[in-house]
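Proteins get letters first, then strands, A, B, ... in listed order; numbering begins at 1 in each.
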There are 2 protein chains.
Amino acid sequence: MDAVRPFDVLDPACPSRSVLRHLTDRWTPLVVGVLAPGPARFGEIRDQVGGVTAKVLTQTLRSMERDGLVDRRALPTMPPRVDYELTPLGRTLVGPLDALRSWAERHAGEVLGARASYDAQDGAPG
Amino acid sequence: MDAVRPFDVLDPACPSRSVLRHLTDRWTPLVVGVLAPGPARFGEIRDQVGGVTAKVLTQTLRSMERDGLVDRRALPTMPPRVDYELTPLGRTLVGPLDALRSWAERHAGEVLGARASYDAQDGAPG
DNA sequence: CAGTATCCCGTGCGATACTG
DNA sequence: CAGTATCGCACGGGATACTG
């Protein structure tokens, strides 16, 4: 099974680039992180992902559903209850995305420091 | 000494979120991938990263330099020659980002398929 | 509770022209 | 060669109000 590299993100015309782009939009990585431990309701996700609005969260989840990353299960009860769960495909994303998230958390201090010293010498007044 | 979890991307006010945001902008992952094997000149990067313009590539590289991810070495020759290289900090990003890139390339087909079947039933005419 | 509908805006990004 | 300057816009994303 050699699968001769049909996809290449460095090629602007390659669909894999838009896939990568989608994985790295504002909320997808956070939603994947929240759904990683198991299914969650819409409100739980919104509660955990600080700062997201219902509209944008819906857009994100729809888009993830469309791409086969999450399953959406709507219970026709009143009030409604909707559960979201990572698909097997979505679960394969948890590792990579979690690595990125933990990188950001672990190295945020260094990045902030680098930024400060860059600004101190390059944007120096005078 | 409780330095436990000083950073949390789920917190909208946490700086780690903006760091994550930066890591996942349009060109940073691709540039890191190109610089992973070793230093490269500006033109080489531009040549490899399909579709990027000089202006935006400069912005990306400056921003990465500011955040301590790349070193920029400009030779005062004529014509000028500028080499970019990942810093030790930047090198720690290669793994996580490469995982994401290879995920996109490996699963692009599945995502495209999921998209097609979603559109076929949900956006079905009639 | 889990969305939709509507209006609105910042900015990331692109095209083009120019320069040391 | 490696940028910078300028202009402009699509679009991702946000605030608010409303609904089944």
Would you compute the distance between atom [atom1] of [X] and atom [atom2] of [Y] and round it to the nearest 0.5 angstrom?
| X | Y | atom1 | atom2 | result |
| --- | --- | --- | --- | --- |
| A/L75 | A/T77 | CG | OG1 | 5.5 Å |
| A/S117 | A/L112 | OG | CG | 11.0 Å |
| B/E105 | A/L20 | CD | CG | 8.5 Å |
| A/R66 | B/D119 | CZ | CG | 4.0 Å |
| A/H22 | A/T60 | NE2 | OG1 | 7.0 Å |
| B/R26 | A/T24 | CZ | OG1 | 9.0 Å |

All N/O donor-acceptor pairs, side-chain side in residues 80-92 of chain A, below 3.5 Å, sequence neighbours left out:
from: A/R81; atom 1: NE; to: A/D83; atom 2: OD2; distance (Å): 3.1
from: A/Y84; atom 1: OH; to: A/R72; atom 2: NE; distance (Å): 3.2
from: A/T87; atom 1: OG1; to: A/G68; atom 2: O; distance (Å): 2.6
from: A/T87; atom 1: OG1; to: A/L69; atom 2: O; distance (Å): 3.2
from: A/T87; atom 1: OG1; to: A/L89; atom 2: N; distance (Å): 3.4
from: A/T87; atom 1: OG1; to: A/G90; atom 2: N; distance (Å): 2.9
from: A/R91; atom 1: NH2; to: A/L86; atom 2: O; distance (Å): 3.2
from: A/T92; atom 1: OG1; to: A/L89; atom 2: O; distance (Å): 2.5
from: A/T92; atom 1: OG1; to: B/W103; atom 2: NE1; distance (Å): 2.8

**Message:** At a heavy-atom distance below 4.0 Å, what parts of residues 33-47 of chain A sit against DNA chain D?
**Reply:**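 Of all residues in residues 33-47 of chain A, none places a heavy atom under 4.0 Å from DNA chain D.
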**Strand-adjacent residues in residues 12-30 of chain A, judged by heavy atoms under 4.0 Å from DNA chain D** =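 Residues of residues 12-30 of chain A under 4.0 Å from DNA chain D: A/R26, A/W27.
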**Request:** Give the minimum heavy-atom separation between A/F42 and A/A54, together with the two atoms involved.
**Result:**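 Closest heavy-atom pair between A/F42 and A/A54: CZ-O, 3.8 Å.
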Results of side-chain hydrogen bond (donor to acceptor under 3.5 Å, both in side chains) for [X] - residues two or more places apart only:
| X | answer |
| --- | --- |
| A/T28 | A/D25 |
| B/D98 | B/R101 |
| A/D11 | none |
| B/H107 | B/E110 |

**Request:** Give a yes or no on this: more than 12 heavy atoms of other residues, nucleotides or ligands lie within 6.0 Å of atom CZ of B/R115.
**Result:**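 Yes, CZ of B/R115 has more than 12 neighbouring heavy atoms, counting only those of other groups under 6.0 Å.
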**Prompt:** Taking DNA chain C as the partner, which of residues 59-76 of chain A come within under 4.0 angstrom of it by heavy atom?
**Reply:**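 DNA chain C contact set from residues 59-76 of chain A: A/R62, A/R72.
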**Prompt:** Among D/dA2, C/dC13, C/dA2, which is the nearest nucleotide to the side chain of B/V56?
**Reply:**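 It is C/dC13.
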**Asked** What is the distance from CG of B/L57 to C1' of D/dT4, rounded to the nearest Å?
**Response**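 From B/L57 CG to D/dT4 C1': 14 Å.
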**Message:** Applying side-chain contact (heavy atoms from CB on, under 4.5 Å), can you list everything that pairs with B/V52, at least two apart in sequence or on another chain?
**Reply:**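 Checked B/V52 against side-chain contact (heavy atoms from CB on, under 4.5 Å); matches are B/W27, B/R46, B/V49, B/V56, B/L57.
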Under 3.5 Å, sequence neighbours excluded: what are the donor-acceptor pairs made by side chains of residues 29-38 of chain A?
none

**Fill in**
Annotated structure of DNA chain C as dot-bracket, pair cut-off 3.5 Å, Watson-Crick or G-U only, | for inter-strand, is ||||||||||||||||||||
**Request:** Spell out protein contact along nucleotides 15-20 of chain C as letters: B when the base is contacted, S when just the sugar-phosphate is, - when no protein heavy atom is under 4.0 Å; keep the 5' to 3' order.
**Result:** B----B
